[in-house]
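In what follows, every heavy atom counts, from backbone to side chain, and hydrogens, waters and symmetry copies are set aside.
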Amino acid sequence: MFPFGVKEVFRGGLPIDGLAVSLDTENLRQFMQACDRPFEEFEIGKYRDALFEFGMQRLVEEIGLPDADIRALFQEVHGHFFGLPGVSLDSYAMQGDRVYAHMHTLFPTHEQWWRVQHKGILEEKGIKVPRPLRGISPTFVDSMVITGDNQTVLGVRTHQSEGAGEIMVAPAGGIQYKKPGRDQEIIMDTVRSETRDEIGLNPEMYTPTLIGIIHDGAIAYGDGFTFALRTQLTFESLRDAHRFAYSVQVPIMQGLEAYGMDIGSARRESHETIREWNDAIARGDHIPTLPPSVQKPILPNDAWEHSELIGLPLDQDTLAAFLQLESVNGHRILEETKGIVYMAQQYLH
């Protein structure tokens with residue numbers, strides 16, 4: 001049908017209010033019931049550890065492997081445990097000019113297990129699971145930023161990111177469920193947070209359009225909603241803001257880790273420093289080391305996710321040539337990235 005893992009293309013794009021979401025949260029409701037608390041009080045910050053253990057118990061029952069074996073397999077995928085529930089895209093359908101998406105929440109353990117299966121670790125170890133989980137589609141968002149000088153933004157993933165050393169669109173990230181009350185906004189909440197954290201663009205700086213749905217067969221092993229985000233800022237401004245934030249953030253993280261701080265805490269400390277820089281920029285403070293192209297307080301909190309940003313001109317010849325490449329400057333291009341560039345061809349044609 002479509003190449004490069006693309007499942008659907010909305011030529012010309014769809015407005016955001018054309019995306020309707022139905023989200024089934026029954027498994028999280030059962031968890032809160034087990035905690036003897038109403039679902040409305042669910043908040044991941046309060047229940048993270050308990051949720052993981054509850055999901056682990058469910059997973060042991062469903063697949064028939066011991067708890068310790070499952071945890072060991074998880075370590076081979078990431079070396080850490082997910083702490084936030086994700087969502088699964090169960091189905092979607094076009095009706096007129098609207099897309100109806102049906103989704104359900106995923107325990108962090110179940111999403112982790114899905115990746116264990118798809119990375120082939122079970123086959124390598126000769127493990128046969130009598131009742132593997134089926135029908136899950138961990139769901140994410142990919143965003144194709146379209147700059148004022150008609151380029152889109154690609155990023156080279158760092159060693160701390162999934163797909164290390166490979167080229168991916170930026171921003172991108174998994175959809176996570178944090179607390180009740182925003183089910184209809186769960187997709188756009190992720191678009192906004194990932195765009196702010198990875199690129200530094202606040203919502204008022206861009207206009208989003210839904211341009212397609214794509215399958216990722218290398219990292220998430222699930223489906224993603226792809227958006228075009230138009231901004232008046234140039235690629236140079238975004239690139240230089242990222243470089244500056246990266247030069248500030250990464251040495252802080254490395255220094256704190258060298259003194260024994262865990263990576264999560266080191267990132268949070270570096271976020272605080274980035275916020276202080278953004279506050280100074282917003283006040284109009286004179287910062288001699290800040291590139292003159294950075295005109296707004298847009299230093300990204302998660303600059304560490306990409307070692308560099310790459311601008312791809314959005315003309316048909318350049319896009320067609322890009323789809324024939326396997327790598328850029330020695331960095332492999334993920335199939336998912338090619339899928340989004342293919343969508344760009346259709347969207348901009």
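Within the 4.5 Å cutoff, the side chain of Leu133 has heavy atoms near those of the Glu62 side chain. Residues Val191 and Ser143 are in side-chain contact: their nearest non-hydrogen atoms beyond the backbone lie under 4.5 Å apart. In this structure, the side chains of Leu59 and Gln112 stay at 4.5 Å or more apart for every pair of heavy atoms. Using a 4.5 Å heavy-atom threshold, the side chains of Val87 and Ile187 count as separate. Within the 4.5 Å cutoff, the side chain of Met103 has no heavy atoms near those of the Tyr177 side chain. Proximity of Ile287 to Val294: side-chain heavy atoms (C-beta onward) are nowhere separated by under 4.5 Å. Proximity of Tyr342 to Gln346: side-chain heavy atoms (C-beta onward) are separated by under 4.5 Å at one or more points. For the pair Phe225/Ile214, no side-chain contact is recorded, criterion being any heavy-atom separation below 4.5 Å from C-beta on.
Side-chain contact, Trp304 with Asp302: a donor N or O sits under 3.5 Å from an acceptor N or O. Using modelled atom types and a 3.5 Å distance limit, the side chains of His104 and Asp90 yield a donor-acceptor pair. Ser193 and Arg196 share no side-chain donor-acceptor pair at under 3.5 Å. Counting only N and O atoms by type, the side chains of Asp223 and Ser137 include a donor and acceptor under 3.5 Å apart. Side chains of Gln117 and Tyr221: no donor on one and acceptor on the other come within 3.5 Å. Using modelled atom types, one finds no donor on one side chain facing an acceptor on the other under 3.5 Å when comparing Arg239 with Gln151.
Rounding to the nearest 0.5 Å places CD of Glu272 at 12.5 Å from CD of Gln249. Interatomic distance, OG1 of Thr273 versus CG of Asn278, reported as 11.5 Å (0.5 Å rounding). Residue Ile274 holds its CD1 atom at 7.0 Å from CG of Asn301, rounded to the nearest 0.5 Å. In this structure, Met168 CE and Ile333 CD1 are separated by 12.5 Å, a value rounded to the nearest 0.5 Å. Atom-to-atom distance recorded for Thr337:OG1 and Ile310:CD1 is 10.0 Å, nearest 0.5 angstrom. In this structure, CG on Leu314 lies 7.0 Å from OG1 on Thr147, to the nearest 0.5 angstrom.
Minimum interatomic distance between Ala303 and Ala245 (heavy atoms only, all atoms of both residues): CB-CB, 3.8 Å. Here the shortest heavy-atom pairing between Arg115 and Ile219 reads NH1-O, 3.6 Å. For Thr190 against Gly173, the heavy-atom pair with the smallest separation is CG2-O, 4.1 Å. Between Val169 and Leu154, the shortest heavy-atom distance links the atoms CG1-CD2, 3.8 Å. Nearest heavy-atom pair across Pro138 and Glu111 is CB-OE2, 3.6 Å. In this structure, Ser293 and Asp240 approach most closely via the heavy-atom pair OG-OD2, 2.5 Å.
Atom CG of Asp285 sits in a crowded spot, with more than 12 heavy atoms from other residues, nucleotides or ligands closer than 6.0 Å. By the neighbour-count criterion of 12 heavy atoms within 6.0 Å, atom CD of Gln33 is sparsely surrounded, having that number or fewer from other residues, nucleotides or ligands. More than 12 heavy atoms of other residues, nucleotides or ligands sit less than 6.0 Å from atom CD of Glu185.
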Self-check item: CA sep, side-chain torsions, deciding dist, call: Glu335, Lys338, salt bridge (Lys or Arg N to Asp or Glu O under 4.0 Å)
Solution: CA-CA 5 Å; Glu335 187 80 355; Lys338 289 190 176 184; 5.2 Å; no
Quiz item: Does the side-chain contact (heavy atoms from CB on, under 4.5 Å) test come out yes or no for Val116 and Glu76, once each step is laid out?
Solution: CA-CA 8 Å; Val116 168; Glu76 296 194 40; over 6 Å; no
Quiz item: Passes side-chain contact (heavy atoms from CB on, under 4.5 Å), Glu41 versus Lys46? Steps please.
Solution: CA-CA 9 Å; Glu41 292 185 8; Lys46 298 178 181 178; over 6 Å; no
Quiz item: Stepwise, does the side-chain contact (heavy atoms from CB on, under 4.5 Å) test hold for Leu84 with Arg48?
Solution: CA-CA 7 Å; Leu84 294 173; Arg48 186 188 304 266; 4.1 Å; yes
Quiz prompt | Verdict with supporting geometry, Ile44 and Leu51, side-chain contact (heavy atoms from CB on, under 4.5 Å) | solution = CA-CA 8 Å; Ile44 189 60; Leu51 179 69; 3.8 Å; yes
Practice problem: Tell me, with the steps shown, if Arg243 and Glu236 meet salt bridge (Lys or Arg N to Asp or Glu O under 4.0 Å). | Solution: CA-CA 10 Å; Arg243 282 179 177 171; Glu236 179 187 26; over 6 Å; no
Exercise. Show your working on salt bridge (Lys or Arg N to Asp or Glu O under 4.0 Å) between Lys179 and Glu43 and close with a plain yes or no.
Key: CA-CA 5 Å; Lys179 58 183 178 180; Glu43 188 174 342; 5.1 Å; no
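Looking at Thr209, its side chain never comes within 3.5 Å of a backbone N or O of Gly13 through a donor-acceptor pair. Not one N or O on the side chain of Asn202 forms a donor-acceptor pair closer than 3.5 Å with the backbone of Glu204. For the pair Ser247 (side chain) and Phe244 (backbone), a donor-acceptor distance under 3.5 Å is present. Put simply, the side chain of Gln184 gets close to the backbone of Val21: a donor and an acceptor are under 3.5 Å apart. Remark: the backbone N or O of Phe235 is paired with a side-chain donor or acceptor of Asp149 at under 3.5 angstrom. Under the 3.5 Å distance criterion, the side-chain polar atoms of Arg37 are left unmatched by any main-chain donor or acceptor of Phe31. Using a distance-only test at 3.5 Å, with no hydrogens or angles considered, no donor-acceptor pair links the side chain of His242 to the main chain of Gly155. A donor-acceptor pair under 3.5 Å links the side-chain atoms of Thr234 to the main chain of Ser237, judged by distance alone. Side-chain N or O atoms of Thr139 include one that pairs as donor or acceptor with a backbone N or O of Leu89 at under 3.5 Å. The closest donor-acceptor contact from the side chain of Thr152 to the backbone of Val145 lies under 3.5 Å.
Residues Met94 and Val6 do not share a hydrophobic cluster, clusters being chains of Ile/Leu/Val/Met/Phe/Trp/Tyr side chains in contact below 4.5 Å. A continuous path of Ile, Leu, Val, Met, Phe, Trp and Tyr side chains, each step under 4.5 Å between heavy atoms, connects Phe227 with Val153, placing both in one hydrophobic cluster. Under a hydrophobic clustering in which Ile, Leu, Val, Met, Phe, Trp and Tyr are joined whenever their side-chain heavy atoms come within less than 4.5 Å, directly or via other members, Phe4 and Phe322 fall into the same cluster. In the hydrophobic clustering of this structure, Phe2 groups with Phe140; members are Ile, Leu, Val, Met, Phe, Trp, Tyr whose side-chain heavy atoms approach within less than 4.5 Å, directly or through other members. Cluster annotation: Ile186 is not connected to Leu106 through the hydrophobic network of ILVMFWY side chains, with a link wherever side-chain heavy atoms come within less than 4.5 Å.
The aromatic rings of Phe42 and Phe39 lie parallel to each other, their planes meeting at an angle below 30°, with 60° marking the opposite boundary.
Results of the salt bridge (Lys or Arg N to Asp or Glu O under 4.0 Å) test with Arg157 over Glu166, Glu305, Glu336 single out Glu305 as the only residue that passes. Considering Lys7, Glu8, His102 as possible partners of Tyr92, the one that fulfils the side chain to side chain donor-acceptor pair (under 3.5 Å) test is Glu8.
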